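Here is the structure we will look at, set down as structure tokens.
Reminder, nothing fancy here: chain letters follow the sequence lines and each chain counts from 1. On a predicted model such as this, the values are computed, not experimentally measured, just so you know.
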Amino acid sequence: MISKGLLIEQLKRFWMISFLFSLTFIIAGIVIVLGRGYDFAPMQGVVEILSMEDNLILIISLALPLTVASFTFGVFFNRKASITIYALPLTKSQIGITNALAGIILCMIPIVIASLLLLIPIEYNLEPYVSGWGWMRLLENEAIFPNAIAHGDVINTIPVVARFFARMTIIVLFYFALSWLAFSLSGNFVIGLLTGLFFNLLPAALVFLAVIIGEIYVFGFHAFNVLDRSMIVFIHSNPVLWRYMMENHNRFETIMNPYLLFSGLTMVMFIVAFTISRLRKLERTGDSIIFTPVKHALIFLVSLCFMILFGGFLHMYDQPPLVFHIGLILGFGLGFVISQMIAEKSFHMIRKLKSFPYFAGLAVALYGITLFVTQVGMGAYINYIPPRSDIVGVSIDNWMPWHTTFDTTYHQHLFVSNPDIIDLTVQAHEKILDERNYLNITPLRQSNVSQRRHRHIAYLLECGRIVTRMYLISDTFAERTGFNDIVYNREMIVAGQLIFSHPELVTEISFYHMPEGYWDDDIWRGRVGSITYVNDPTQLEVLMHFFADIFVEQRQPAFFTMKPDPHFRPESVNVSFIVDLDRLPTGTFGFMSGFTIDGEHLESLQDILTAFGFPNFTVEE
Amino acid sequence: MIQISNLRKSFDRHEVIKGLNLSVNKGSIYGLVGVNGSGKTTVIKHLAGVYRADSGTIHLDGAEVYDNAKAKARIGYVPDDLYFFPSYNLKMLGQFYKRIYATWNDKRFAELMKLTELNPKNRVSRFSKGMQKQAALILALSICPDILLLDEPIDGLDPIVRKRIFTWMIEDVADRQMTVLISSHNLKEMDGICDTVGIIKNGSMLIEQDLDELKADMQTKAISEHLPPTLDEIFVYVYESGVKND
């Protein structure tokens with residue numbers, strides 16, 4: 001299956017790539033290790049290489065497979081070369097597998113050399129007096145040191161280096177397989193690179209499109225932070241980005257073991273690329289896309305992406321249906337022209353416009369199917385309100401149940417269980433559904449479209465499941481449907497704030513009045529004013545109840561009509577809460593740590609504090 | 001030995017080979033002639049196993065050529081557009097071919113090299129066009145092929161190199177019963193070396209016949225002032241009259 005002769009030849013021809021990347025690894029390693037300028041730097045540098053935290057290592061792991069694939073599969077882009085090579089007494093399978101194997105070997109050589117160099121023992125020799133962020137990062141690096149490391153221990157043990165080797169191998173082979181796949185579809189290097197990039201973006205783009213379509217057409221559907229969801233998919237189809245976003249910055253949650261996912265995807269891409277390489281027609285070498293159906297599919301997909309992005313953009317800005325649909329049409333047309341230009345490598349588009357009606361017809365058909373599915377097929381979703389008997393709690397206008405990491409085990413306090421409020425919520429929800437238009441893209445029958453905002457309803461069911469719906473409605477409409485009665489209900493507002501629904505978590509409250517022209521820091525450093533601390537449990541309970549009342553009042557519509565802005569009145573007082581973090585359920589997030597008391601309530605606060613024995617509390621400068 | 005039956009091939013919905021039939025006997029030198037764009041190169045690329053036929057068959061002693069390593073191992077192919085690994089010299093290319101072709105003959109390679117002025121240590125990509133053609137032919141002959149496919153091999157070459165190439169080729173035909181299929185515009189040269197010709201027009205075979213028999217047939221049609229008619233005159237007559245084999 002493998003041609004030994006061709007393999008040797010490919011390795012002989014392109015060994016320089018491996019050599020240069022090995023050299024880059026070494027030089028990059030030296031730069032990383034020595035480039036810090038502190039005593040502890042060399043060790044930190046090694047740790048950063050081993051944990052692949054350094055960006056240079058990530059760039060190498062992307063550039064190495066791309067460069068190798070460009071050369072080993074260069075025959076795909078050169079008509080003369082392809083004729084000469086494929087006339088050799090080798091089958092297409094042999095040529096494909098041999099080139100792939102040569103590429104894998106060339107990719108692996110620098111990784112093996114880097115790993116062998118990393119095996120040179122380095123002892124942990126930091127002195128306790130060493131300070132600085134680098135040192136902190138070293139100690140914080142749990143990926144490398146799951147347990148405490150003692151002075152004199154070797155930091156780059158064989159398992160640690162083996163993990164570096166395995167990760168680099170998985171990442172590099174992923175991009176090599178992706179490059180092979182993209183190059184096998186193309187007869188032109190630049191288009192091949194663009195195709196690879198497109199494939200890399202495709203999973204995230206599809207999720208993005210699906211979510212946007214859902215948001216536009218499925219009444220009540222809302223994916224919390226569409227971009228976040230697309231990014232999660234994107235980083236899971238992009239190992240280098242995953243390394244950067246996840247392990248360095250921990251920005252998104254993990255779907256599954258990513259290295260397992262990347263390895264699986266690599267295998268799939270190798271198989272597909274091999275199959276495509278065998279099916280390639282050599283006479284198409286030099287063309288942008290080798291297979292006409294694939295070319296048409298890519299043109300259609302790109303046009304569709306433009307169409308939805310244009311429409312989605314206009315939808316975001318609440319444009320009327322006519323403008324929205326014009327946006328869809330213009331987006332599709334623009335996407336078609338741009339993708340045709342790239343596919344044909346020409347600006348002369350007139351002849352190619354003949355095929356536009358076919359593509360446009362398909363888009364219209366898809367649009368029709370989308371409408372049918374979302375309006376008819378999704379009817380059960382759109383019109384669903386859980387049976388009253390199943391509902392044990394409701395949460396209004398709180399985004400937390402939409403968060404991807406939301407867990408009722410930790411956040412049950414957000415749901416109000418008062419049967420009256422649940423009844424009111426269900427009634428308001430029914431009214432919203434009754435008055436909806438056929439197409440969600442048209443605003444509801446509302447007097448003032450500009451005042452629309454997203455309103456969230458979340459039901460906690462007896463079985464523990466959460467049902468969430470989101471509606472873009474105006475205040476006028478919210479008032480008419482009774483939705484506002486629930487939003488401004490004291491119980492609902494208090495439930496939305498952990499410290500008010502569970503005041504026992506607060507162990508200390510501090511007050512300070514900040515005179516005009518000073519900063520918080522001036523207060524805390526004692527330059528001006530004074531701080532009063534309260535930590536008696538009984539006093540805390542009274543104060544938290546008092547603050548909850550103010551908080552509820554501050555959430556009422558009338559509060560916002562007061563002038564000037566009550567939050568910035570000079571006579572206001574800042575309140576900070578110290579929360580016992582150990583008593584918080586694991587995974588709790590988004591609780592309030594302080595707020596401002598406006599001048600209206602200062603007198604009452606002074607009365608309470610004087611009664612508690614804090615006569616020195618003053619609002620005077 | 002070489003048999004093409006009802007070959008069809010389209011590029012971008014444009015049919016360039018239209019049900020072409022071709023037959024080459026072992027040990028013969030077959031001249032494939034036709035105007036530019038008539039489909040000669042496409043036919044040769046099918047024979048070399050590079051292109052896959054849309055329909056029809058291309059057989060070498062009964063075996064399909066396309067994607068068949070064994071069949072392709074018997075073929076030496078010198079394309080019109082030559083390609084050599086960029087930094088390689090002739091010696092390195094020889095080593096590469098030796099690894100790929102089991103029939104590679106070092107002695108033959110060395111002998112042929114001696115007959116030229118080519119420096120085996122110079123990069124082939126820096127050779128002149130004529131030198132590159134010679135290099136390609138040396139490589140193709142050194143694998144001792146049963147079939148040699150030459151696409152416009154003498155195009156743009158000086159008479160000395162042309163003669164040298166034909167001499168090597170004819171020696172191999174005489175010594176080893178090698179079969180040669182050669183395409184060219186230069187009908188005068190073809191007239192002297194081919195024993196069979198196939199005249200191709202718009203992707204179809206007009207005439208395919210033993211050259212001597214063809215000349216005898218054409219003699220009766222009085223297409224020339226002198227006898228027998230030249231291949232040039234036959235070609236013009238066939239093209240203009242559209243006469244075909246039965």
Side-chain angles (χ1 to χ4, degrees), chain A residues 1-17 71-72 74-75 77-98 102 187 277-293 295-296 343-344 351-352 354-355, chain B residues 9-14 16-17 41-42 44-54 60 64-88 92-93 95-104 124-125 132 136 139-140 143 145 147 149 151:
Chain A
M1 203 60 181
I2 291 162
S3 165
K4 201 174 151 190
L6 185 61
L7 180 66
I8 292 168
E9 217 56 45
Q10 293 291 65
L11 296 178
K12 267 178 66 183
R13 288 175 69 199
F14 303 128
W15 64 270
M16 187 55 89
I17 302 171
F71 282 94
T72 50
V75 70
F77 314 124
N78 185 329
R79 195 182 286 266
K80 285 196 228 175
S82 71
I83 287 164
T84 304
I85 297 296
Y86 284 91
L88 294 172
L90 304 167
T91 60
K92 278 183 158 184
S93 306
Q94 275 180 304
I95 294 170
I97 289 183
T98 306
S277 298
R278 288 189 63 213
L279 295 173
R280 273 177 74 96
K281 287 184 173 179
L282 292 175
E283 61 267 26
R284 302 293 298 268
T285 304
D287 288 5
S288 53
I289 299 292
I290 293 292
F291 303 97
T292 308
K295 184 166 84 176
H296 290 159
E344 299 298 332
R351 196 168 58 88
K352 287 291 167 189
K354 276 188 222 163
S355 59
Chain B
K9 183 72 180 177
S10 298
F11 296 142
D12 286 333
R13 295 182 191 165
H14 173 61
V16 290
I17 304 291
T41 299
T42 306
I44 290 179
K45 281 176 181 168
H46 277 91
L47 279 170
V50 175
Y51 283 178
R52 183 184 356 212
D54 291 346
L60 184 64
E64 185 68 48
V65 180
Y66 181 75
D67 215 24
N68 182 344
K70 275 187 185 172
K72 288 200 284 184
R74 297 175 60 199
I75 299 171
Y77 172 44
V78 180
D80 186 20
D81 280 336
L82 295 169
Y83 171 82
F84 303 98
F85 293 144
S87 57
Y88 274 40
M92 291 160 82
L93 283 168
Q95 287 166 350
F96 169 56
Y97 273 63
K98 188 178 177 180
R99 287 195 199 96
I100 299 289
Y101 288 92
T103 53
W104 176 264
V124 182
S125 54
Q132 286 189 348
L139 291 167
I143 63 172
I147 295 140
L149 303 174
D151 192 3

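Within the model, atoms CG of A:Leu90 and NZ of B:Lys72 stand 6.5 Å from one another, a figure rounded to the nearest 0.5 Å.
At a 4.5 Å heavy-atom cutoff, the contact between A:Thr84 and chain B is made by side-chain atoms alone. Interface residue A:Asn78: only side-chain heavy atoms are found under 4.5 Å from chain B. Only the side chain of B:Asp12 has a heavy atom closer than 4.5 Å to any heavy atom of chain A. Looking at B:Lys9, only its side chain comes within 4.5 Å of chain A, counting heavy atoms on both sides. In this structure, the portion of A:Ile8 lying under 4.5 Å from any heavy atom of chain B is its side chain and not its backbone. Only the side chain of B:Tyr77 comes within contact range of chain A, with heavy atoms under 4.5 Å apart. Contacts of B:Phe84 with chain A are absent, with no heavy-atom separation under 4.5 Å from either backbone or side chain.
Taking the side chain to side chain donor-acceptor pair (under 3.5 Å) definition, one finds that B:Tyr88 meets it with A:Glu9, sequence neighbours left out.
Counting heavy atoms from C-beta outward, A:Ile95 and A:Ser3 have side chains that stay 4.5 Å or more apart. Residues A:Glu283 and B:Lys45 have side chains not in contact (no heavy-atom distance under 4.5 Å, counting atoms from C-beta outward).
With chain A as the partner, the residue from B:Ile75, B:Leu82, B:Leu149, B:Asn68 showing the most heavy-atom pairs under 4.5 Å is B:Leu82. In terms of heavy-atom pairs under 4.5 Å with chain B, the best-connected choice from A:Arg79, A:Lys92, A:Arg284 is A:Lys92. By number of non-hydrogen pairs under 4.5 angstrom with chain B, the leading residue of A:Lys281, A:Arg13, A:Gln94 is A:Arg13.
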Using the ring-ring contact (aromatic ring centres under 6.0 Å, His included) rule, take B:Phe11 and B:Tyr51 through it: C-alpha gap first, then chi angles, then the decisive distance, then the call. CA-CA 11 Å; B:Phe11 296 142; B:Tyr51 283 178; 5.8 Å; yes
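Few gaps surround CZ on B:Phe85; more than 12 heavy atoms of other groups in view lie less than 6.0 Å from it.
Using a 3.5 Å distance cut-off with no hydrogens or angles, the side chains of A:Ser93 and A:Arg278 do pair a donor with an acceptor.
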